[in-house]
Amino acid sequence: MRQVTILGAGLVGSLLAIILKKKGYEVNLYERRPDMRSAAISAGKSINLATSHRGWKALELAGLKEEMEALAIPMYGRYLHQPDGSTAFQPYSKNNEAIFSVSRGELNKKLMTLAEQHGVKIFFEHRCSHVDVAANTLYFELPGKPEKVVQADLLFGADGAFSALRDSYAHMTRVNADHTYLEYGYKELCILPGNNGEWLMEKNALHIWPRGNYMLIALPNTDGTFTCTLFMPFEGPVSFEKLKTKEDVTEFFDKQFADAKALMPGLLDDFFANPTAALITTHISAWHYKDKSALIGDAAHAIVPFYGQGMNAGFEDCTVLSGLMDKYGADWDTILGAYAASRKPNGDAVARLALNNFIEMRDKVADPKFLERKKIEKELGKRFPDKFVSVYEMVSFSHTPYHTAIQCIQAQDKLLQRIMNEGDFFANVESGDFTDMLNIMINEYYNAVQLEFGHEA
């Protein structure tokens, strides 16, 4: 059986190592950072994870589902904090389903520990400078030591958006690769608990302060804190470049996020101590090289965090790869080819979904017409559960392929616009004539979607 080398001991690399080890492979895992379980890793760039169906399925494969569920907080919807001080709750699901707030650091530590318990060897502070892809040779920089050269048999790049393996692929002929930065950055902040350690806002929700061109979000933690993230442009009239002094930050938060600021006694310290990080989307083709190596997780498809699907998509890569190993045994030429063919369209689709959801979160959720549309979506799902599932529920609460979900957007937009053009949905919905017309529209939508996507939708 082949020996496996994995670059990156983050979430996806550690999970993949566990899956491969369970299938009998010898696995070496190389990580550029120190061991986060013992080293002090600087805060400020975590962005809590929103774990949904795809992520839980992969954690079940690793044997960590029950343990992580105990540390996860269910979030049943968005809790909106509007500019006028009013609030509104927007459920995620017609069936009261939830996504779960999970600490990235705690999950990563548990995955690494479990990998080691299964016999995976992890080499920390090994920064891969480049890979000779054809020869499958890796070159590592170690602090205070000579360059280390490792010959890999089967290699996976799980080393994130700036993957050394991805970069080495990009220098080969007939490989298309690109990366795109948003003009927006993010900064992590923190809401503290009450005197008795209690949450000072609704804990079972993802909080959003939508402000059109920028927004603040907050996800709950088990210690009573909320991890907050401010997203806004790097430059412009309202931007990070305009918040230079403590007075600038204080005035800005007093005006735009007063209720949040009241719960942030460490706001100024956090704001100036934590970095302003960039947001990147990457694409590359191909995802693998013969039967020798492949990219997985963010190394293959780094996305912006606005759909909460970055980790979920990476974990689903692992689930798909595991299934292909079960199907094709040790035929890695077939496995990697099928993996890339299956996951590349979904990687591209989830990147688009994440960018679309950024606009929705920062802007549309404050629009009364958009909120009305969301209510109609939920009602359609309840009345026609076999024929209508919102795109959000497809993405977060099912295993519908991402590329199918994104192709349903246009059909759902058309359906919902037709319904809203008929007037007040909830006032008319009990009328016989309106119900008949609604049945016709739903059947037309369902037949069109089934014709194009079949069982996938």
Side-chain angles (χ1 to χ4, degrees), residues 46-53 55-56 68-104 106-107 186-211 214-231 253-254 256-267 270 305-309 357-358 360-368 370-375 377-379 381 390 392-393 395-397:
S46 66
I47 299 187
N48 275 39
L49 302 168
T51 310
S52 54
H53 279 41
W56 288 122
M68 289 314 301
E69 280 179 334
L71 299 177
I73 298 177
M75 299 182 293
Y76 295 98
R78 297 166 174 164
Y79 195 100
L80 308 178
H81 301 253
Q82 306 290 23
D84 63 1
S86 64
T87 59
F89 181 74
Q90 185 186 102
Y92 283 134
S93 164
K94 60 182 180 289
N95 298 319
N96 203 36
E97 292 181 281
I99 59 176
F100 291 78
S101 177
V102 178
S103 163
R104 176 186 295 272
E106 288 306 308
L107 177 55
Y186 69 89
K187 186 180 289 287
E188 184 180 305
L189 305 168
C190 184
I191 286 177
L192 296 181
N195 292 333
N196 298 314
E198 71 273 20
W199 291 273
L200 295 180
M201 301 189 299
E202 169 56 52
K203 76 167 184 174
N204 295 121
L206 189 156
H207 293 259
I208 306 178
W209 290 258
R211 298 297 183 263
Y214 52 94
M215 66 177 177
L216 180 71
I217 69 169
L219 278 74
N221 299 305
T222 54
D223 63 358
T225 64
F226 287 82
T227 297
C228 303
T229 311
L230 175 64
F231 297 95
F253 272 78
D254 280 338
Q256 299 298 341
F257 309 117
D259 57 337
K261 178 177 176 291
L263 308 177
M264 294 179 170
L267 170 63
D270 289 344
F306 303 112
Y307 223 118
Q309 286 298 306
N357 214 45
F358 176 42
E360 179 173 313
M361 290 174 71
R362 76 171 195 216
D363 192 358
K364 290 184 179 180
V365 291
D367 182 347
F370 179 80
L371 296 176
E372 182 71 9
R373 172 188 158 128
K374 285 294 182 183
K375 291 179 183 177
E377 277 187 4
K378 299 294 184 299
E379 188 64 24
S390 72
Y392 187 90
E393 289 177 296
V395 171
S396 296
F397 306 124

Answer with yes or no whether the side chains of [Y] and [X] bring together a donor and an acceptor at under 3.5 Å.
X	Y	value
Ser101	Asn221	no
Gln256	Tyr214	yes
Ser93	Asn95	no
Glu97	Ser396	no
Trp209	Asp259	yes

- [ ] Test Tyr307 against Val395 for side chain to side chain contact (heavy atoms under 4.5 Å, CB included), laying out the working first.
- [x] CA-CA 9 Å; Tyr307 223 118; Val395 171; 3.5 Å; yes

Task: Counterpart residues, side chain to side chain contact (heavy atoms under 4.5 Å, CB included), relative to Asn96 (two or more places apart) - done: Tyr76

TODO: Please name all residues satisfying side chain to side chain contact (heavy atoms under 4.5 Å, CB included) with Ser103, sequence neighbours left out, ordered by chain then number.
DONE: Glu106

Report yes if the side chains of [X] and [Y] come closer than 4.5 Å at any heavy-atom pair, otherwise no.
X	Y	answer
Leu263	Met201	yes
Gln309	Ser52	yes
Glu188	Asp270	no
Ile73	Thr222	yes

Open item on the list: Would the distance check show the side chain of Glu202 and the main-chain N or O of Asn204 forming a donor-acceptor pair, the cut-off being under 3.5 Å?
Closed with: yes

Task: Interatomic spacing from NE2 in His53 to CD in Glu393 - rounded to 0.5 Å - done: 10.0 Å

Task: Test: Glu377 and Arg373 ion pair at under 4.0 Å - done: yes

- [ ] Tell me, with the steps shown, if Ser86 and His81 meet side chain to side chain contact (heavy atoms under 4.5 Å, CB included).
- [x] CA-CA 6 Å; Ser86 64; His81 301 253; over 6 Å; no

Task: Counterpart residues, ring pair (Phe, Tyr, Trp, His ring centres under 6.0 Å), relative to Phe358 (two or more places apart) - done: Tyr184, Phe306

Open item on the list: side chain to side chain contact (heavy atoms under 4.5 Å, CB included) for Tyr186 and Ile217? Distances and angles first, verdict last.
Closed with: CA-CA 11 Å; Tyr186 69 89; Ile217 69 169; over 6 Å; no

